[in-house]
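Read the structure below first, then the notes.
FYI, side chains are in, hydrogens and waters are out, and symmetry mates aren't considered; it's all heavy atoms of this structure. Order of the sequence lines fixes the chain letters, A, B, ..., with proteins taken first and strands second; residue numbering starts at 1 for each chain.
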Amino acid sequence: MIKSELIEKLAEDHPHLYQRDVERVVNTILEEVTVALEQGNRVELRGFGAFSVRNRPARQGRNPRTGDSVAVKEKHVPFFKTGKELRERVDAINS
Amino acid sequence: MAEKTLTRADLSEAVYREVGLSRQESATLVEAVLDLLSDTLANGESVKLSSFGSFVLRDKNGRVGRNPKTGEEVPIDPRRVLVFKPSQVLKDRIDAALSK
């Protein structure tokens with residue numbers, strides 16, 4: 001499923017709303033999560049999961065072709081940990 | 001940096017502010033978005049949100065694990081897990097904001 005399909009389905013389920021507004025709802029949620037992460041904050045959505053930022057410290061890397069050692073700068077990467085309920089639902093055959 | 005944790009309430013508030021739906025409706029819609037994402041994934045379908053990232057399902061093979069404390073072998077069944085792959089746009093925005 002892609003974003004436009006998600007919006008279409010939501011609009012179908014909420015016929016009293018304009019599809020344009022549903023689109024803004026989805027984009028607002030994604031933007032709000034992004035801005036929170038940019039500020040170094042976490043977003044915790046019980047049952048669904050939590051978004052956070054992980055710090056990858058600077059390190060001495062290597063160019064695999066030449067074997068030269070290169071300085072790799074510190075990096076911040078987004079991370080999502082699946083919530084308990086969703087994790088169990090996704091793996092329903094086992095749980 | 002003082003770390004804050006956002007929740008559904010903050011997302012509803014943003015929707016209320018940005019889209020102009022009622023507070024009640026904003027909360028309902030936030031829940032509807034999360035429910036639809038969860039239902040789709042629970043049905044075994046991945047979700048791709050352009051410029052944000054993809055929620056991808058991965059089938060892991062079973063393997064023999066080990067209890068790290070006792071060293072005892074424990075079988076781990078094959079299972080399906082959910083992985084979030086952030087888009088390049090999201091990775092770039094976060095790294096630009098936080099790595100100096």
Side-chain angles (χ1 to χ4, degrees), chain A residues 1-7 9-10 13-14 16-17 21-22 24-53 55-56 58 73-83 85-95, chain B residues 1-8 10-11 13-15 17-21 25-26 28-30 32-55 57 77-87 89-91 93-100:
Chain A
M1 174 182 266
I2 59 173
K3 191 157 85 177
S4 57
E5 294 165 339
L6 175 85
I7 292 163
K9 178 75 171 61
L10 285 164
D13 295 344
H14 301 268
H16 59 293
L17 296 178
D21 283 343
V22 175
R24 289 170 67 201
V25 168
V26 171
N27 286 328
T28 298
I29 292 171
L30 298 180
E31 181 62 19
E32 198 67 12
V33 172
T34 304
V35 169
L37 296 176
E38 283 180 320
Q39 293 168 350
N41 293 330
R42 281 169 57 80
V43 182
E44 209 174 287
L45 304 166
R46 283 288 151 86
F48 183 74
F51 295 93
S52 60
V53 178
N55 181 29
R56 305 254 181 275
K73 278 196 230 154
E74 153 183 69
K75 229 187 307 189
H76 287 86
V77 294
F79 178 77
F80 176 75
K81 181 165 194 266
T82 310
E85 192 190 322
L86 183 54
R87 189 168 62 234
E88 289 171 356
R89 284 186 67 195
V90 159
D91 192 35
I93 357 151
N94 286 323
S95 342
Chain B
M1 194 179 313
E3 220 193 80
K4 193 180 164 254
T5 299
L6 274 78
T7 63
R8 281 173 170 75
D10 298 287
L11 297 184
E13 186 60 28
V15 168
R17 203 176 57 227
E18 299 288 329
V19 186
L21 304 177
E25 188 124 63
S26 300
T28 304
L29 262 288
V30 167
V33 170
L34 296 176
D35 283 348
L36 183 50
L37 290 173
S38 302
D39 291 350
T40 304
L41 294 164
N43 276 325
E45 194 186 339
S46 293
V47 180
K48 216 172 184 166
L49 303 171
S50 79
S51 81
F52 185 75
S54 310
F55 294 93
L57 298 162
D77 288 336
R79 66 208 158 101
R80 176 172 284 174
V81 296
L82 172 60
V83 197
F84 175 66
K85 292 181 64 183
S87 73
V89 176
L90 183 65
K91 287 199 274 187
R93 278 186 64 176
I94 286 164
D95 199 47
L98 293 173
S99 299
K100 299 281 143 54

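Proximity to chain B is limited to the side chain of A:Glu31, based on heavy atoms less than 4.5 angstrom apart. Contacts of B:Glu45 with chain A are made by side-chain atoms alone, with heavy-atom separations under 4.5 Å and no backbone atom involved. The contact between B:Leu82 and chain A is made by backbone and side chain atoms together, counting heavy-atom distances below 4.5 Å. No part of A:Ile7 comes within reach of chain B, as not one of its non-hydrogen atoms sits under 4.5 angstrom from that chain. Both the backbone and the side chain of A:Val25 come within less than 4.5 Å of a heavy atom in chain B.
Here A:Asp13 contributes atom CG and B:Thr28 contributes atom OG1; the two are 12.5 Å apart, rounded to the nearest 0.5 Å. The structure places NZ of A:Lys75 at 8.0 Å from NZ of B:Lys91, a figure rounded to the nearest 0.5 Å. Going from atom CZ of A:Phe80 over to atom CZ of B:Phe55 covers 5.0 Å, rounded to the nearest 0.5 Å. In this structure, CD on A:Glu5 lies 10.5 Å from CG on B:Leu36, to the nearest 0.5 angstrom.
Counted within 6.0 Å of NZ on A:Lys3, heavy atoms from surrounding residues, nucleotides or ligands total more than 12; the atom is thus considered enclosed.
Smallest separation of non-hydrogen atoms from A:Gln39 and B:Leu98: C-CD2, 4.4 Å. Shortest non-hydrogen contact noted between B:Ala32 and A:His14 is CB-NE2, 3.6 Å. Listed here is the closest heavy atom pair of A:His76 and B:Asp95: N-OD1, 2.8 Å. For A:Ala36 against B:Leu6, the heavy-atom pair with the smallest separation is CB-CD1, 3.8 Å. Considering every non-hydrogen atom in both B:Arg80 and A:Asp91, the closest pair reads N-OD1, 2.9 Å. Contact between A:Pro78 and B:Ile94 at its shortest, heavy atoms only, is CB-CD1, 3.7 Å.
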Passes side-chain contact (heavy atoms from CB on, under 4.5 Å), A:Arg46 versus B:Arg8? Steps please.
CA-CA 8 Å; A:Arg46 283 288 151 86; B:Arg8 281 173 170 75; 3.8 Å; yes

Evaluate the side-chain contact (heavy atoms from CB on, under 4.5 Å) criterion for residues A:Leu6 and B:Thr40: first the C-alpha distance (whole Å), next the side-chain angles of each, then the deciding distance (0.1 Å), finally the verdict.
CA-CA 9 Å; A:Leu6 175 85; B:Thr40 304; 5.7 Å; no

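Of the residues considered (B:Asp77, B:Leu41, B:Leu34), B:Leu34 shows the highest number of contacts with chain A, using heavy-atom pairs under 4.5 Å. Options A:Lys81, A:Lys9, A:Glu44, A:Arg42 differ in how many heavy-atom pairs under 4.5 Å they form with chain B, and the most are formed by A:Arg42.
With sequence neighbours left out, B:Asp39 forms a side-chain hydrogen bond (donor to acceptor under 3.5 Å, both in side chains) with A:Arg89. Looking at residues two or more places apart in sequence or on another chain, you find a side chain to side chain contact (heavy atoms under 4.5 Å, CB included) between B:Val83 and B:Arg58, B:Val81.
Looking at A:Asn41, its side chain does come within 3.5 Å of a backbone N or O of B:Lys4 through a donor-acceptor pair. A donor-acceptor contact shorter than 3.5 Å links the side chain of A:Arg24 to the backbone of B:Glu18.
For the side chain to side chain contact (heavy atoms under 4.5 Å, CB included) criterion with A:Leu30, the lone passing option out of B:Leu90, B:Leu49, B:Val33 is B:Leu49. Here the options are B:Leu11, B:Leu37, B:Thr7, B:Val30, the test is side chain to side chain contact (heavy atoms under 4.5 Å, CB included), and the partner is A:Leu45; only B:Leu11 passes.
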